[in-house]
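One structure below.
Convention: sequence-line order gives letters A, B, ...; per-chain numbering from 1.
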Amino acid sequence: MNRDIAIRTHNLTRRFGTVTAVDHINLEIPRARIYGFLGPNGSGKSTTIRMLCGLIRPTEGEAEVLGHQVPRDAESLKRSIGYMTQRFSLYQDLTVQENLEFMAEIYSLPHAKRRTRIERALRDYQLREFHDQRPETMSGGERQRLALAAATLHEPELLFLDEPTSAVDPQSRRDFWETLFALVHQGITILVSTHYMDEAERCHRLAILDHGVLVADDSPQQLMTNIDASVVEVEASDSQQARVALNSLAKIQSVTQLGMRLRVLVDRTEAEPGKYVAAGLRAAGVKANARQTSASLEDVFVVVTRQHHEKAAA
Amino acid sequence: MNSLLRILAILRKEIWQLRRDRLTMGMIIGIPTLQIILFGFAINTDVRHLRAGVADQANTQVSRTLVADTEASQVINITQRALTPEELETMLRRGEISVGIVIPPDFERRLQQQGRAAAQLLVDGSDPIILGAARQLTAVPVNYRLPPSPIKSASVYEVRNFYNPERRSAVNIIPGLLGVILTMTMVLFTAIAIVRERERGNLELLINTPVRTPELMAGKILPYVLIGLIQATLIITLSVFLFRIPIRGNLLDLYLAALVFISANLTMGLFISTLAKTQMQAMQMNFFFFLPSILLSGFMFPFDGMPGIVQHIAEILPLTHFVRLSRGILLRGAALIELLPEIRALAIFMVVTLTIAILRFRKRLD
Ligand SMILES: Nc1ncnc2c1ncn2[C@@H]1O[C@H](COP(=O)(O)OP(=O)(O)OP(=O)(O)O)[C@@H](O)[C@H]1O
Ligand SMILES: [Mg+2]
């Protein structure tokens, strides 16, 4: 068992009939880090997490989680992992207090610890005022805090969070991430799936999934630095016309409109992308301002998924 | 130790949920009460006061006496008079009467002749219970002044009704009904208990905890065992006070029998829950189990009258054995020891269904 690696997979694959939900994924997830899964709907994030928990059997390949082979040794793993499902899965008809008590008992926490852990969870996740309330009457953010409180009650080493912030406002999301960093500080490993770029950027390390394939896997900074394109921002008087002009140029990968501006991805082979874009626009008779800028995570996402599609089509 | 704690955790959670589930709580109390009252008051197999019509074409002293004696038996009420048998047939077909009495013009002459019926009963045979009741009328004697016939017309057998001398239907029905009501509710409770968790998404969380399958099953069964015993108590109490059902055997024996029977139904429910994907499917499957139970158990139709293969199927069903246990203990005053084979059959059913349920249930989503 490797002390620094929490999860390792080798060609992990899952098919549902003709659909390949997860396609030969190789991962190495370090301990005490937040590792993100970024991908659009149906990219296989939930399926991968479920396989790592031992809830779904892989069609092919293997996975080792905290030194246990899954799904073979999944049972012995249960005590050391916490899982926050994508869909709220605590009991809607039990109060917050009852839900937490149930989780404490089902994990066989010693009697003395049960009280203190529940008390601490109610405090840490600001749930005390809701302790007598049922989840069905709570807001998305409150429910999500309850789900995280329940998933961490037995102090797992490894936490799986499947799109934990999908029904949560930006402020609550920030607070939620503060909590995650506090957990990591205690030595917990977190695997979190998301389709928000700002969240992805906060992860220590990030895997980008597309149609079940791992298309990128690195720290967000490295991904942005190593992006296989140059980014040029264009301000044009007529952005529609500029867009048409740019799309006809050979070395342009994609053009995205952001309000008045256009974000243009240019092949890396072009040594001076700013000048290349400006020249292209001038030739088409469009008045515009173009300058090179640094890549964002969204640019990375666009580039890697585009390359993946081109490869798949070829 | 931890195992016990986890069973208790599931059990407590079920009770918390049950307490808030008004509909289920209503089912626990409402179904037995309603059924007992409906069956007890409305169903009467000892039929009296059938509507009858008479076509007395002889119209003599003797024939009038016969009609009066027949009515005095209380089996029929004469509501219609007719002139011809054809008229009676029409009334019968229209459902205006259930029994028609035809006395032909040559009635008195026929009475003299051996081996020939003097009068006719037309009976609506579409209902077997009416047919059975009308048969009693053939025993009504004819009083006439003619010299007594050489052959004594007394019956060979005299019937002694052992456990229900007053022939009250409630006494026949309610011991079996106890089992029918428990089957109706118990199987459904556990069948839904796990499927509901799957439907609501709770199962994905639950199977990711250290809880083991047998612990989960035990925690799901135990609260309903208690509810089953409460239901049984309610049914027995109502039966004793409303319908004076005798408890001739030992009440503790009855409770022990009920305990095993309730458990067998609950494990059947668990088995169904491993087959069904939705609550709707669970209910439909429950129906497939309930229907043969009620028809083949001997509750509705006598077990002895069924063809051999059907009897074999009936022997598998828990209700068959419980109907025997319940009638035996309540009405015949039998001891549980004397009915041990029935208890054994229930125990085997329980162990088999529970084992299959545990083996079929996977702590996985696929
Ligand atoms: N039980 C299943 N049976 C059949 N197909 C499934 C099943 N579970 C997932 N899939 C398919 O596998 C693919 C990946 O699904 P998955 O739920 O892993 O995606 P995801 O990345 O979590 O998406 P989302 O962001 O919408 O949650 C989808 O095409 C989905 O339809
Ligand atoms: Mg998902």
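- Distance check: A:K78 NZ to B:K363 NZ gives 5.5 Å after rounding to the nearest 0.5 Å.
- Considering every non-hydrogen atom in both A:G54 and B:R364, the closest pair reads O-CG, 3.6 Å.
- Residue contact with chain B, scored on non-hydrogen atoms closer than 4.5 Å, involves the side chain of A:M103 exclusively.
- Residues B:G201 and A:S89 approach most closely at O-CB, 3.1 Å, considering heavy atoms.
- To the nearest 0.5 Å, atom OG1 of residue A:T85 and atom CG of residue B:L205 are 6.0 Å apart.
- In this structure, chain B has heavy atoms under 4.5 Å from both the backbone and the side chain of A:R57.
- Counting non-hydrogen atoms of neighbouring residues, nucleotides and ligands closer than 6.0 angstrom, the NE2 atom of A:H154 exceeds 12 such neighbours.
- Atom CZ of A:R128 is surrounded by more than 12 heavy atoms from other residues, nucleotides or ligands within 6.0 Å.
- Taken from CZ in A:F102 to CG in B:L206, the straight-line distance is 5.0 Å, to the nearest 0.5 Å.
- For A:E75, the part lying near chain B is the side chain, with the backbone staying farther off; criterion is any non-hydrogen pair under 4.5 Å.
- Of residues 17-38 of chain B, those residues lying under 4.5 Å from chain A by any heavy-atom pair are B:Q17, B:R19, B:R20.
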Report task. Please assess A:R87 against B:E204 for the test salt bridge (charged side-chain N to carboxylate O under 4.0 Å, His left out), listing each intermediate value before the final yes or no. Result -> CA-CA 9 Å; A:R87 176 181 165 196; B:E204 185 165 359; over 6 Å; no
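- Contact annotation for A:Q92: neither backbone nor side-chain heavy atoms come within less than 4.5 Å of a heavy atom of chain B.
- Taking 4.5 Å as the limit, some side-chain heavy atom of A:D93 sits within range of a side-chain heavy atom of B:R200.
- For chain A, the nearby part of B:E197 is the side chain; its heavy atoms alone come within less than 4.5 Å.
- For the options A:I106, A:L90, A:T95, heavy-atom pairs under 4.5 Å to chain B are most numerous at A:I106.
- Contacts between B:L203 and chain A at a heavy-atom distance below 4.5 Å are absent for every atom of the residue.
- A salt bridge between A:E105 and B:K13 is absent, with no side-chain N of the basic residue lying under 4.0 Å from a carboxylate O of the acidic one.
- Heavy atoms only, all atoms of each residue included: A:L109 and B:L5 are closest at O-CD2, 4.3 Å.
- Heavy-atom neighbours of B:F287 CZ from other residues, nucleotides or ligands within 6.0 Å: at or below the threshold of 12.
- Of the two parts of A:L77, neither the backbone nor the side chain holds a non-hydrogen atom closer than 4.5 Å to a non-hydrogen atom of chain B.
- The candidate with the highest count of non-hydrogen atom pairs below 4.5 Å against chain A, out of B:T209, B:N208, B:V211, is B:N208.
- The choice from A:F88, A:Y107, A:F16 that makes the most heavy-atom pairs within less than 4.5 Å of chain B is A:Y107.
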